[in-house]
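The structure appears below as structure tokens.
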There are 2 protein chains.
Amino acid sequence: MPSPEAIKVWARLMRVSRQLMERAEDALKEGGLPPLAWYDVLHELAEAGEAGLRPFQLIERTLFAQYNISRLLARLEAGGLVEKLPVADDGRGQTIRVTATGRETRRRMWAVYGRSIADLVGAKLSTVELNTVSAMLGRLRDPPVDH
Amino acid sequence: MPSPEAIKVWARLMRVSRQLMERAEDALKEGGLPPLAWYDVLHELAEAGEAGLRPFQLIERTLFAQYNISRLLARLEAGGLVEKLPVADDGRGQTIRVTATGRETRRRMWAVYGRSIADLVGAKLSTVELNTVSAMLGRLRDPPVDH
DNA sequence: TCAAGCTTGATGCAATTGCATCTACCTCGT
DNA sequence: ACGAGGTAGATGCAATTGCATCAAGCTTGA
């Protein structure tokens, strides 16, 4: 039912992304660093700065499920990489903020992760090609759900 | 260290692939069908035909880890979708072959999975664009490891 | 104001994954 | 012929994921 071209894109997309992800994970593991999932969260939190982010905001920004974020944050807190602060105007909520240790860990992860990206993607395509791929992948993103 | 363009491609690649995969999984789940991983294996086995495939060949063709295939095959066998046959000239090995039920399940999965691919990819890019993306993703594949 | 319903985040439990290791069998060099 | 080392596949155990559900706190409408 899908065209052969669509099938090929799907197959390569799934295969390449898994393969590259695995490679990046391996590089981190080899460096004794935490998994990629931690990076994603630390990255968002680092961008958010002192204000921090609510867990539900992390869910919006990343693709993690709610229960996944909940437990990931518990692990990050246990590791001293983030801290949970109560929220003034919402007794249910909490604000998550990176600690200095968290920032440092993120920095060390980026040294490895960034190199992986450079090697696995940057070195394989020209700038023009990279922009083309970005544009086309952008077209595959979810159309914003209306409601 | 990687260029901004490379980072953008990486980010979109990871995000889009996860998102699309999830959508396809959801569609299968909604249809009461098994997960995508099962499809991959059933697909390879269906292509292999009566001769079947050895587990290690499935590992080469897919991106599953050895223990993963081992247990996935156990589940497939338990579900009656594949059968394990002894191999004549290698007492350790086994040959995996799809059963009629397995083929039928694959067919029903494809009805849903194929539609997902058509909707999520085929409908979003022209044939020319699809070919462009395939070509570029192809360049990101592992260079064959020499040994 | 207060009950119904929603949102936020946590958690018990089952299934899956990852890691390390194991067993059985093959292959090759001597 | 046999012992060392390699390959095929399974599995015990810990960590993670997924699902369903929960508790606590908000919000809204009558």
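A note on names: the letters A, B, ... follow the listed sequences, proteins ahead of strands, and every chain is numbered from 1. Computed from a predicted model, the values in this text were never measured in an experiment.
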Exercise. Using only side-chain N and O atoms of A:Lys84, determine if any of them is under 4.0 Å from OP1 or OP2 of C:dT8.
Key: no
Quiz item: A:Lys29 side chain N/O closer than 4.0 Å to the phosphate oxygens (OP1, OP2) of C:dC19?
Solution: yes
Can you check whether [Y]'s main-chain N or O pairs, donor with acceptor, with [X]'s side chain at less than 3.5 Å?
X        : Y        : value
A:Arg139 : B:Lys124 : yes
A:Glu129 : A:Ser126 : yes
A:Thr99  : A:Gly80  : yes

Value in whole Å for how far the [atom2] atom of [N] lies from [atom1] of [X]:
X       : N      : atom1 : atom2 : answer
A:Gln57 : C:dT7  : CD    : C1'   : 14 Å
B:Leu76 : C:dT16 : CG    : P     : 11 Å
B:Gln66 : D:dT11 : CD    : C1'   : 10 Å
B:Arg75 : C:dT16 : CZ    : C1'   : 6 Å
A:Glu22 : C:dC19 : CD    : C1'   : 14 Å
A:Met21 : C:dT17 : CE    : P     : 15 Å
A:Asn68 : D:dC19 : CG    : P     : 11 Å
A:Leu72 : C:dA10 : CG    : C1'   : 14 Å

Quiz item: To the side chain of B:Tyr67, which of D:dC19, D:dT7, C:dA20 is closest?
Solution: C:dA20
Practice problem: Would you classify A:Gln94 as touching base, sugar-phosphate or nothing, given that sugar-phosphate means primed atoms plus P, OP1 and OP2, and contacts are heavy atoms under 4.0 Å? | Solution: sugar-phosphate
Quiz item: Reckon A:Arg54 touches a base, only the sugar-phosphate, or nothing at all at heavy-atom distances under 4.0 Å?
Solution: sugar-phosphate
Self-check item: A:Glu47 atom CD, over 12 foreign heavy atoms within 6.0 Å
Solution: yes
Quiz item: Less than 3.5 Å between a donor and an acceptor, one on the side chain of A:Arg71 and one on the base of D:dG18, is that the case here?
Solution: yes
Quiz item: Taking the inter-plane angle between the rings of B:Trp110 and B:Tyr113 on a 0 to 90° scale, is it parallel (under 30°), tilted (30 to 60°) or perpendicular (over 60°)?
Solution: perpendicular
Practice problem: Take B:Pro35 and A:Asp90, find for each the nucleotide of DNA chain C with the closest heavy atom, and name the residue whose nucleotide sits nearer the 5' end. | Solution: A:Asp90
